[in-house]
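As structure tokens, the structure follows; a few thoughts come after it.
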Amino acid sequence: MPFYIYLAAEEMSVAASAAAAAVGAGAVALFRLNRLPSSPSTSYRSCLLLKGLRAFAPFPYRYHFASYSTSSLLSQEAAAVASQLPRSHANTSSNVVEILEQRGLLESLTSDGLRSVCSSSAPNQPPLRVYCGFDPTADSLHLGNLLGIIVLSWFLRCGHRAVALIGGATGRVGDPSGKSSERPELDLETLHKNISGISATIRHILSRAAPTPDSVSILNNYEWWKDVRLLDFLKDVGRYARVGTMMSKESVRKRLESDQGMSYTEFTYQILQGYDFVHLFRQEGVSVQIGGSDQWGNITAGTDLIRRILRVEGAAYGLTFPLLLKSDGTKFGKSEDGAIWLSPSKFTPYNFYQYFFSVPDDDVVRFLKMLTFLSLEEIAQLERDMDTPGYVPNTAQRRLAEEVTRFVHGQEGLDEALKATEALRPGAATKLDAKTIEGIREDVPSCSLPYDQVLSLSLLDLSVSSGLLESKSAARRLLKQGGLYLNNSRVDSEAKKIEANDIIDGKVILLSAGKKNKMVVRVS
């Protein structure tokens, strides 16, 4: 049942603590203002409402306003605050399965029973524990893994708990799903590095979506596999796995029909992942496994083992979400240079932002639904705006890029991306600094030149020696056309020479030829 909090205004700080505890325990906090101090100022009343409600904006809650004060102004303020609250957070009784379905994030369910246990008609149902697995095949997750994190976040937002499982053991075997050949074996040093990198990325993203620290767990399946002996595994698990069922899985069937075939090691992968579900169900209270549509066979292997080994019916569920594809059917998540990594050290927040800013109009609305937590009403409005005469191109893409970048890299990462975007815009008024320029150095061409060679050099000569332009005559022609920029400031004089204050923080210079061609000059 919902946890109701009746409070006087002066008790707001106490109520906030109680509400946090209630939400952390999976209950529903409901706010009701019974009375106010005599003659409170308008600003004080507003602060109370903001403190009581916006403080919980990242978390699931049900809100309600009532006032026994005769002031109509208070009710108006309450309604104003309520109208600004994210609707996706407004109700812990929201059925997460229905939300995923509405947003194009639901492919298949092993049982419609999952809808029932997530339904508001089951108020006594405790929060579910849901897990998604991530094999450490690289030291960072990539865009293909993002949907799994987003679906986990939706469960968190609806009051459930999330488990991210790192495949420290299964990563040594390699998942054959969707692969035409066996994965290369990883050495232990690389594997440990990958586990560390992926764990950090998941913790960084999910910690911001978690209502309480204990609502998210990151586990490594090597912790329980390291002590398992082969004979014990065959006796306790292998005897329950049906070979015919295993061979009928699409990932196995396709490989068996190929010239490459399949090794016994890969063939056992689905049993290993299936037993992970058994272990988590029995030891951690996890009852739901999620994964991409290519994980259906592995997920059903787990629900089947739970039924056979633990003799439990209808208590374990699997849910898959579709792969992220563009409107032309090609995979979404590759740039010209390869994967779109979620780690800022492998793919800068600026690059990440720009990737989503460049999404075609045909895809942007679908990606807003799948990759952001904006309300469907707001997304629908953005879609309607795209068809209006006064629509500013890329407005929807800008919103998509902002929301996804903030989710993955936090507000700090988004600020960095926006600052770098502004820094690369010729004529921008933003004051540049060396850190910002260094941050975009990997995204644009760069060169290094000695300080004494750069100082007092004409801008025309620097444009050529840096490689920005092919010749001095081309630089002179561009300057006359108003297209040559030094640190985002247009240069009109051919006599311009580089001065000490043109070298940002004594380290770098940003040259621009038109809007798109850039060159970062590192001065040493």
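- Ring to ring, Phe356 and Phe367 are not that close: their centroids are 6.0 angstrom or more apart.
- Leu368 and Ile379 make their closest contact through O-CD1, 3.5 Å (heavy atoms, listed as atom of the first residue, atom of the second, distance).
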Item checked: Stepwise side-chain hydrogen bond (donor to acceptor under 3.5 Å, both in side chains) test for Thr170 and Asp135 -> CA-CA 7 Å; Thr170 46; Asp135 271 346; 3.0 Å; yes

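- Of all non-hydrogen atoms in Arg103 and Thr372, the two that sit nearest each other are NH2-O, 2.9 Å.
- No more than 12 heavy atoms of other residues, nucleotides or ligands shown are found within 6.0 angstrom of CD on Glu412.
- Glu499 and Lys496 are joined by a salt bridge, as a carboxylate oxygen and a charged side-chain nitrogen come within less than 4.0 angstrom of each other.
- Side chain of Asn194 to backbone of Asp139: a donor-acceptor contact under 3.5 angstrom is found.
- The local environment of CD in Glu189 is sparse, with at most 12 non-hydrogen atoms from other residues, nucleotides or ligands closer than 6.0 Å.
- Side-chain N or O atoms of Arg157 include none that pairs as donor or acceptor with a backbone N or O of Phe373 at under 3.5 Å.
- Using a cut-off of 4.0 Å between Lys/Arg side-chain N and Asp/Glu carboxylate O, Arg406 and Glu403 are scored as salt-bridged.
- Other residues, nucleotides and ligands place more than 12 heavy atoms under 6.0 Å from the CD atom of Gln481.
- Under the 6.0 Å distance and 45° angle rule, Arg398 does not count as a cation-pi partner of Phe357.
- A salt bridge does not link Asp492 to Lys480: none of the charged side-chain nitrogens sits closer than 4.0 Å to a carboxylate oxygen.
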